[in-house]
Each structure stands twice: as C-alpha cells, then as structure tokens.
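The block underneath contains the structure these notes are about, expressed in structure tokens.
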Protein chains: 2
Amino acid sequence: VTAPGFTGSSLDRADALREDSTALETARADPRAKLLRLDGLEPEIDGDGRLLWDDLSAAPAGAELVLLGLEAGEPRFAAWHPDAPPGARSPALFHKLGLMPFGEASTYAGARSVLDWLTRHRFCANCGRPAEIFRAGWGRKCPSCGAQHFPRTDPVVIMVAEHRGRALLGRQPMFPPGRYSALAGYLEPGESIEEAVAREIREEAGIRVRDVRYVASQPWPFPSALMIACVARAENDDIRIDSRELEDAMWVDREGVRRALADDPAAPFLPPPPYAIARTLLTAWAEGA
Amino acid sequence: VTAPGFTGSSLDRADALREDSTALETARADPRAKLLRLDGLEPEIDGDGRLLWDDLSAAPAGAELVLLGLEAGEPRFAAWHPDAPPGARSPALFHKLGLMPFGEASTYAGARSVLDWLTRHRFCANCGRPAEIFRAGWGRKCPSCGAQHFPRTDPVVIMVAEHRGRALLGRQPMFPPGRYSALAGYLEPGESIEEAVAREIREEAGIRVRDVRYVASQPWPFPSALMIACVARAENDDIRIDSRELEDAMWVDREGVRRALADDPAAPFLPPPPYAIARTLLTAWAEGA
C-alpha cells in the first residue's frame, strides 16, 4: 500500500517542549522560528504546492502561538486568534489540497485540526466556564473546575466489502456528479474497528460482512478524523441502502475500479481524489488486497 | 488473533431508532424493555459474570434513558442521572471485569463510555451554555448556539517493537508490581496510526521503528479510548526511557513472553490481564505475529 494522503510530515512534534515553559520561550525567541502562513484556516502555498512560512513577527496581536514542532531543529508555529471563525470547506481549499505533496498536506492537517479545535472548544464542557490554552496549544484547562481537555480525533472506518470479485461502492448526496467511493462512518464508544466496519456496511447498505482486514490509515482534518481503511468479505449482495446516508450504492468489478482510477472515460464511476484514503483503498483493492 | 476483550456485544445498536421519536417511545413502552443495572458506573453481574438487567421502572426519577440497542429485538437502556459523578476506577471494578465474558464487557464498555461522556460534557464547548441530550443519549445539542456534540472516542496506539526476536516492553509507575506491557499513547490530530506508533516508541523509549503492522483493536472504556494494537520492526535497541512516561523498559524474547502468559513463576514479568488488548498483542507476537 502506498503512503496515503495527509501523511509524511517532516515535522518532529517535539511533545516534550510543550510543557517546558523555558524551552518554549527559547523556541519563540529562536531567530530561525517560523509561522505557518494561513488565510483563515486555508493553506497558502507556492508553485510547488509547498506551505509558506513567515517570521513570528507576522502573528497578529492577541494571537496564541501553537507549537507545531521542529523542522530539522527549527521551531515551527501556527497562530490562533480568539476572533477566528470555525473552519469552512471551499472548492478552492480542495483544489489546493490536490496541488500539495502529501507531506505538506500532513503538516497542514495537524495545524488545521488543532487550530479549529481551539476555536470550537473555548469553553469547559464539564462546567461551562472559559477554558485556557495550555501545552503550547495542544490542550485547554479550566481555571474554574480544573478539567483538562485535549484536541479530539474521531475515528472513522472506511471500507470496501467484496463479493465475488466486486467491491461495494456508494455515493453520498453531497458528492460531485458521478463520484462513488468506499462507505464510511464514525466508530462509536464501545466498538472495535472490526465491529464498526460490520455495523456501518449493514446499516448503510444491508450487507453482512466477515473477515475484516485493516489496510491503511490517514488523518482527515475536516475537522479532525482518523480515517481507518479496511476490506471485508460480504456474505450477501442484495443492496438495501439507507437513504439518509447514501443516494446510491453498487457493486463494481476490479476492471471497473481500474478504469476509474485510470480516468478512463468508459469507467462506471468517477473516483475519489488522490489525497483521500478511499483512493488508496480502492487502488489496493484493485491490485488484489 | 483471538477476539480482544471488550468486543463481541450481542446488542444491535439500532442507530435508526435514536432519531425516531415515535420508535423510541414505542421502545420505552415495550414490556420487554430492560435497564442495565449499575452501581454508579460499575457493572452488577451474576455468578457467570453476566450483566444484570431490571425493568425500566427501576430508573430513578429525573434520569434520562440512553438506548443501548436491541437484544434479539428487545430494547435495552441505561439510565443517566444529572447527579451522576464522573466515573472512577476501583480494584473491585477490574476484578469484576476479569469475571465477565468479553461480550458482556463489550456491552458494558459502550454503556459506561456514553454515560460518563454525558456526565463530563454537560456544557457546550463552543459557547459555554448547558447542552441538552438528544439522539437517545448519543449526543448533546446546544439550544443557545446550535452546536451538536457527539461522544468522543480517543484513538490510542499500543505496540510491540521487535528487535532480533525480542519485544520491547515497558512499565508505567501506576502498574501493579512486576507488570510490564506494550508501550502505548494517544494518537494526535494530523497523524496516521503508523506515524503515531513510530512517534510514541521514539518518545518513550528512544527506539526508531519501521514496517508498522496492524494487529487488532478494542474499545477501552476508561473513559473512552479505541486501542489500536500494532507490531513494528525496531532499528536500534539502546533504550532511553522518558521517565515522565515509563519507570522502566526492557527487551524480552519469545520464550520470556510465553512464560509470562503461562503464569510461569520463572517468567521475567507479570503480563497484562486477559481483557487488555496488550495481552492479545503479546499472545499474537509470542505465536509469531
């Protein structure tokens, strides 16, 4: 399996620095320190799709500096401002993602998820009071009740069920015209990955599966999912879709999937973009996974 | 790999019922409906380690009924009360878990995680106002700002690094005397499973790894982790522990791990309990994974 999108950041997260106020102060004073350039939560990139970085002096007044990590020993930050709106998803954003090397998109993914989490979790869920940022941006703590809160990452299972050489693909109403992809859904408290895969396929398409096998994973920063890609063996092929989740679902053989991945005009569907792990998963399946 | 602890619940989560107020009303009025018997958040079990269930009339006044799912079509609920304290972990709790079949512990895990989440997330993290329960207990929504919040599940990677036939095991200060286990840590926003495994082993023990392979997963309801078990190939064996995380770490060969799993008094360490996926992982590794 090739490395999925949003993986391969060159940053060392330098977790030990986050709680070391002296080391943090030194990092902020380091003349080599850089600040991720963002337009709201959208990345700013150069002609090679690489992220742009400014001196720390570019941070707006009142911003908190979030330590993203170290690039070959040099500190890298992002700025969070209390006036920041929650993250949006525009067609321009996804166009940019398509231009970025996966490692650059990986650095962006971590930054975006933690900044957006800071925006959407300003208050203590335990007592309702304003919560303060700590750990260089990687958490909030409540000065009233003492609760600590950490950025959440929501596991999502995404999977291909196989039946007699065909893969089960589905289409959500919000997809671009013609696109089909692997089914997906949030894992719930009390479930294993394997159980979530079986439940989601049964709920969304009426297909029972066994022999769930893990394939690959990726972060997906909209807002902060961990995508866990699997394949499974289907025990039936009579699709009954849950129309609250899917607009359509169908079985596609390996030749059909290969044609879609090759942008063949005769393909039975349009595939997900390269940075989506659904693409990684379909590629692995088409090659025999 | 055998099924890990906390997996195999016989309940159908019946997600479609959660948002269907008529169906929920019917489920609550069903004379076959049952309520999970808990002592605070601790399970009440019979002599076979099976969960005990009461009639719905046993729910205390002012409690919210959380729909756990359907057992062969019969509704199963748990009661959440606004006076509930956050979940604690007692030796008695872990003793009980050791007596429970994994499928029963799985039902308990989902119930405990969602009840404890309701207790620890009463307020809207977006605006600080009290948030209301919806989706039959599987979420809160804010009547002030409209934000919806869902029970969180925190991915944790747990892994064995292998070097020349030996597994890297570590010991946290809070472990019972003699116990060693697989290293573990929370996955962060912007990371894949494979990247989190490599970072945690490097941070905690100074070991660099490659070839991360997924083995199994389990829910861990303290308070709501998804444990993701992996093996990886170590590139060095000179351990340097992070004493904030570990009290000790060591390399153990397959014979040593087999002795520990067999409760051999000559084993080099005491193993984790059967319901912990660390045990599943060590067993798989000892058998050649």
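Here is how names work: the chains are called A, B, and so on, in the same order as the sequence lines, proteins then strands, and each is numbered from 1.
- The two residues B/Glu194 and A/Ser217 make their nearest non-hydrogen contact at OE1-OG, 2.7 Å.
- Ranked by heavy-atom pairs under 4.5 Å with chain A, the first of B/Ser106, B/Gly128, B/Gly110 is B/Gly128.
- Only the side chain of A/Glu195 comes within contact range of chain B, with heavy atoms under 4.5 Å apart.
- Interface residue B/Arg13: only side-chain heavy atoms are found under 4.5 Å from chain A.
- For chain B, the option among A/Cys127, A/Gly8, A/Pro4, A/Ala3 with the highest count of heavy-atom pairs below 4.5 Å is A/Cys127.
- Looking at A/Thr107, neither its backbone nor its side chain comes within 4.5 Å of chain B, counting heavy atoms on both sides.
- Contact of B/Arg202 with chain A is made through the side chain alone, with heavy-atom distances under 4.5 Å.
- Tested against B/Glu188, the residues A/Leu226, A/Asp15, A/Thr153, A/Val114 include a single side chain to side chain contact (heavy atoms under 4.5 Å, CB included) partner, A/Asp15.
- Taken from CZ in B/Arg122 to CG in A/Asn126, the straight-line distance is 7.5 Å, to the nearest 0.5 Å.
- No donor-acceptor distance shorter than 3.5 angstrom exists from the side chain of A/Ser192 to the backbone of B/Thr7, with no hydrogens or angles considered.
- The choice from A/Pro189, A/Pro130, A/Ala109 that makes the most heavy-atom pairs within less than 4.5 Å of chain B is A/Pro189.
- When each of A/Asp242, A/Leu187, A/Ile228, A/Asp154 is scored by its heavy-atom pairs under 4.5 Å with chain B, the top score falls to A/Leu187.
- The most heavy-atom pairs under 4.5 Å with chain A, out of B/Gln218, B/Glu191, B/Arg120, B/Arg140, come from B/Glu191.
- Residue A/Arg129 does not touch chain B at all, counting heavy-atom pairs closer than 4.5 Å.
- Remark: A/Lys141 NZ is loosely packed, at most 12 non-hydrogen atoms of other residues, nucleotides or ligands lying under 6.0 Å away.
- With a threshold of 4.5 angstrom between heavy atoms, B/Asp12 approaches chain A through side-chain atoms but not through N, CA, C or O.
- Within residues 142-152 of chain B, the residues having any heavy atom closer than 4.5 Å to a heavy atom of chain A are B/Phe150, B/Pro151, B/Arg152, listed by residue number.
- Counting heavy-atom pairs closer than 4.5 Å to chain B, the top residue among A/Pro219, A/Gly190, A/Ala16, A/Ala125 is A/Ala125.
- Of the atoms belonging to A/Arg244, it is side-chain heavy atoms, and not backbone ones, that fall under 4.5 Å from chain B.
- There is no contact between B/Ile277 and chain A, counting heavy-atom distances below 4.5 Å.
- Salt-bridge check for A/Arg18 with B/Glu203: failed, with every basic side-chain N at 4.0 Å or more from each acidic carboxylate O.
- Residue A/Trp220: no heavy atom, backbone or side chain, is found under 4.5 Å from chain B.
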